[in-house]
Amino acid sequence: MAERRKQFPFDEFEPKWQNHWEENKTFSVPNPGEAGFDTSKPKYYVLDMFPYPSGSGLHVGHPEGYTATDIITRYKRMNGFNVLHPMGWDAFGLPAEQHAIKTGEHPRINTENNINNFRRQLKSLGFAYDWDREVNTTDPAYVKWTQWIFLQLYNSWFCEEENKAKPISELEAKGMSREEIDHLRLAYVAETPVNWSPDLGTVLANEEVEEWRAKGHTVERRPLRQWMLRITAYAQRLIDELEGLDWPNGIKLLQTNWIGRSEGAEVDFTIDGEKVTVFTTRPDTLFGATYMVLAPEHPLVDKITTDAQKTAVEDYKKTCAGKSDLERTELAKEKSGVFTGGFAINPVNGEKIPVWIADYVMMSYGTGAIMAVPAHDDRDNEFAEKFGIKIIEVVKAPEGNEDKCFTGNGTAVNSGFLDGLSTPEAKEKIIAWLEEKGLGKKTVNFKLRDWLFSRQRYWGEPFPIVWRDGNHEALPESELPLLAPELEDYKPTGTPEPLLSKATEWVDLGDGVKRETNTMPQWGGSCWYYLRYCDAQNDSAPISEEAEQYWMAKNGNPGGVDLYVGGTEHAVLHLLYARFWHKVLFDLGHVSTPEPFQKLVNQGLIMGEDGQKMSKSRGNVVNPDEVVDLYGADSLRLYEMFMGPLEQVKPWSMKGVEGVFRFLARVWRLVMDSNQEGEWEFSSRLAEIEPDKATNKVVHATIKKVGDDIDAMSFNTAISQMMVCTNELTKLDQLPVSSVVTLLHVLNPFAPHLTEELNAKLAVAFDSVSADDLDSQPWPEFNEDFLIEDEIEMVIQVNGKVRDKIMVPNEASKEEVEALALESGKVQSFIEGLTVRKVIVVPGRLVNIVAN
RNA sequence: GCUGGCGUGGUGGAAUGGUAGACACAACAGACUUAAAAUCUGUUGGCCUUCGAGCCGUGCGGGUUCAAGUCCCGCCGCCAGUACCA
């Protein structure tokens, strides 16, 4: 480690101010009805995506978003808002369970240790969190309400007519049977194929598979009985209600595509008198369907396969079943399939077309059967060419299109009564025709699948469910939280039997009643933590009505949280799941907004100095503790904001940290100098004098720009303006105290320790300086008058090229400016012999003389 | 393949259609110092120069405009996400 050269004593005053904030609970904010709550202030809710407290501690990527929200928090406080800015821990998770398997120690212990380390690190950065509202998803008091919300889902169904969730009790009142009701619940049990890892002892979400495989674990595909959440019921609302949110377009698009709405039609074909329904987005190409493909798992396959094809079909089905979805796509370079021997009848023209099975058709989407139109679908085209199936053109491409297989909109041909119609017209007409004949109907399909919600882990919320006579039953609210019992060992069972099944006493309730042994995934706790922060200590409800209505108030927008900052990795998972839960809670009347997060900002990844993604194996990971030790928390905060735009991916540079460190040292030296003995004393340049014009100008321009830039979350440019201001002040022989204090004010949200320290020192020596902490004082106002200059420099262009610069009086009219410009000697030499055609004057900026 | 995003000095980056390169890093030169560090000052896109200036320059090729890094069209490259979704 390099020798520390202390240019200012950050290692003394940073811990001092952190203790001061902690002791005074400076950043704790009361709820409505509590002592000290100021009803006159508007609210502002600034939220960070809470971290998983991993064993390796904070990464420099964490403080990037956290510093951004911290600046906003401090700035909004200074502008008169009640600001809610909390932090907590997404603490369930596989790593803690892995640790438990290795050591036999309860995962809670490891989790607590990691949380303590994370909390210490965050506090060492001086963030303005309200630590009284700290939330931990593994805390029994929190688990209780996660399970309570699950029961809300369990006890609800989705009413299609009203397009919202409603209580199950309504169905019971109608006299519906238990079986009918169980088919409608938002939380239900179903047998589905899942990613099962025997050595991890759990199923994994699709997106988790790669990560664990890379670490050497095996993952296989097998059908299991699982808890599912009916997120598909909300598919349309999850798309439509993105509309009013202030989110990056890319994220909205990602969610929209993930949900994957496609409009089309279901069309009924017949095979040996048996009806087969296909889904297509291009019903207008029905005349071009030259074969049909069924998914290998399609229930009709066995029925229609002829004896001659039986062996081939059976073999093909076996090959497909042995492949995971992943392998199925990895090996997807070449189309494969087998003819069943059966023929389907095309309802539009009575033609007999061969029926194939192929793995490019998925049982899980649409109807698991397609009509193949090789002339106008790339996949069908590839397949037909490989197997020599007829290709009939039924859409004429627009003039000039040379595509081998045209998939766009054109004009219908070879299509009987559709001929001559444009694609949209043809779609409409054929759908009307099918509906009239009872051969099909307009349909909407979504890619989104219901959410597989159970895991076989230990370290997760147990389901508050018991089984009696083969039926599931909810635990009464009074029995929550239901906590997992301690286990002798946490080793996986090796079978898909959940780990909790080892706790036989806990599971077996007598009389044949048994507990559900699956646990919830980590997403459960993170789906509603932003609500819990509003009322973190409440033990009679997840959140009180009053707290919800204040902190999650709409203020004219659909979302309750005013600003949510975090990484893009949660674009479709957490952000979709949380929206879904929120909508259910909204439908049931527990929350007052249809959306949880109004404004979303994604911070960009911080790369290593080598431009590669930071990773232990590359050895390019930067530890924030080390940076704080060498340069202080303010330097780390400031550097992360100065690197570039928040949303952008950018590489770390220790030299860059030194740069902002030098800047903070310059600010320090505005106030403090070191004397012969090396002790700090007040700078002799400081004086309680009126700033001159130039000083006022730069200081007030800084107030304005920093405020505007914080609003726009353009922190890097705000910092550069403060650097400009500091450089100007450094040049002065006599330094007005008021100007220095103003600079400290605007710098405070960025570098709170240094600025509070200097302000406190100045307050002792100068009567004009308030002894109050900067964070409790209002944001300084700028005076527009100071920004106006008597003379402004204007650029003179001839034919768009800069030829001269002149000073003109501020109040000069366009005509006067034009005259002055034309008088310029340099301009004269460039327009000599030319005719001036036009003169454009942009007030305060430039003059462009057009001549030829 | 598809969908997004992005291409500006040696580097990170700045620029309501209006002076391209703010601010910072690195580099070089100088001041201070016995010396180094720290600090301060200056230079730093390229070409050319008679030292006044001039010419070129924001991935490439076109276009719109008095004026384009910025808007439009067509390419090329990089990054991210996604993948047989009918």
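Keep in mind that the numbers below use all heavy atoms, side chains included, and drop hydrogens, waters and symmetry copies. A, B, ... follow the sequence lines: proteins, then strands. Residue 1 opens every chain.
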As a test of reading the structure: which of [options] is closest to the side chain of [X], going by heavy atoms?
| X | options | value |
| --- | --- | --- |
| A:Q7 | B:A38, B:C84, B:C66 | B:A38 |
| A:T280 | B:A86, B:A26, B:U19 | B:A86 |
| A:R666 | B:C23, B:A26, B:C40 | B:C40 |
| A:F642 | B:U3, B:A24, B:A86 | B:A24 |
| A:L253 | B:G4, B:C23, B:C66 | B:G4 |
| A:M723 | B:C23, B:C25, B:A14 | B:C23 |
| A:V850 | B:C66, B:G12, B:G81 | B:C66 |
| A:N848 | B:A26, B:G18, B:G81 | B:G18 |
| A:V802 | B:U19, B:C23, B:U39 | B:U19 |
| A:R803 | B:G54, B:A86, B:C66 | B:G54 |

With a 3.5 angstrom cut-off on both distances, give the Watson-Crick or G-U wobble partner of [N], or none if there isn't one.
| N | result |
| --- | --- |
| B:G17 | none |
| B:G9 | none |
| B:A80 | B:U3 |
| B:G61 | B:C73 |
| B:U43 | B:A27 |

Distance between [atom1] atoms of [N] and [M] (Å, rounded):
| N | M | atom1 | result |
| --- | --- | --- | --- |
| B:G69 | B:C60 | P | 12 Å |
| B:G81 | B:G9 | P | 26 Å |
| B:U8 | B:C78 | P | 14 Å |
| B:U64 | B:C51 | P | 41 Å |
| B:U16 | B:U3 | C1' | 30 Å |
| B:U19 | B:U33 | C1' | 42 Å |
| B:A22 | B:G45 | P | 9 Å |

Sequence-distant partners of A:K386, side-chain hydrogen bond (donor to acceptor under 3.5 Å, both in side chains), two or more places apart: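 Listed in chain order: A:E334.
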Pairwise 5' ranking along RNA chain B for A:G250 and A:K613, keeping only the more 5' one: A:G250
Pairwise 5' ranking along RNA chain B for A:M371 and A:K650, keeping only the more 5' one: A:K650
Chi-based syn or anti call at B:G74, which uses purine or pyrimidine torsion atoms and a 90° bound: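 Judged by the O4'-C1' to base torsion, B:G74 sits in anti, the angle falling more than 90° away from 0.
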Syn/anti state of B:G9 by chi, 90° boundary around 0: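 Syn for B:G9; the angle stays within 90° of 0.
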A:Q797 vs A:I840, side-chain contact (heavy atoms from CB on, under 4.5 Å): CA-CA, chis, key distance, verdict: CA-CA 10 Å; A:Q797 299 180 331; A:I840 288 136; over 6 Å; no
Residue pair A:T443 / A:F279, side-chain heavy-atom distance below 4.5 Å: yes
Considering every strand and a 4.0 Å limit on heavy-atom distances, what is the contact class for [X]: base, sugar-phosphate, or nothing?
| X | value |
| --- | --- |
| A:L254 | sugar-phosphate |
| A:F830 | sugar-phosphate |
| A:V842 | base |
| A:S653 | nothing |
| A:E793 | base |

A:K275/A:D268 ion pair, N-O < 4.0 Å: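 Between A:D268 and A:K275 there is a salt bridge, with a charged N closer than 4.0 Å to a carboxylate O.
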Ion pair check, A:R669 and A:D673, cut-off under 4.0 Å: no
Worked check of ring-ring contact (aromatic ring centres under 6.0 Å, His included) between A:W668 and A:F10: CA-CA 10 Å; A:W668 173 264; A:F10 61 83; over 10 Å; no
Minimal non-hydrogen separation, A:L646 against A:K650, with atom names: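 Between these two residues, the closest heavy atoms are O-NZ, 3.2 Å.
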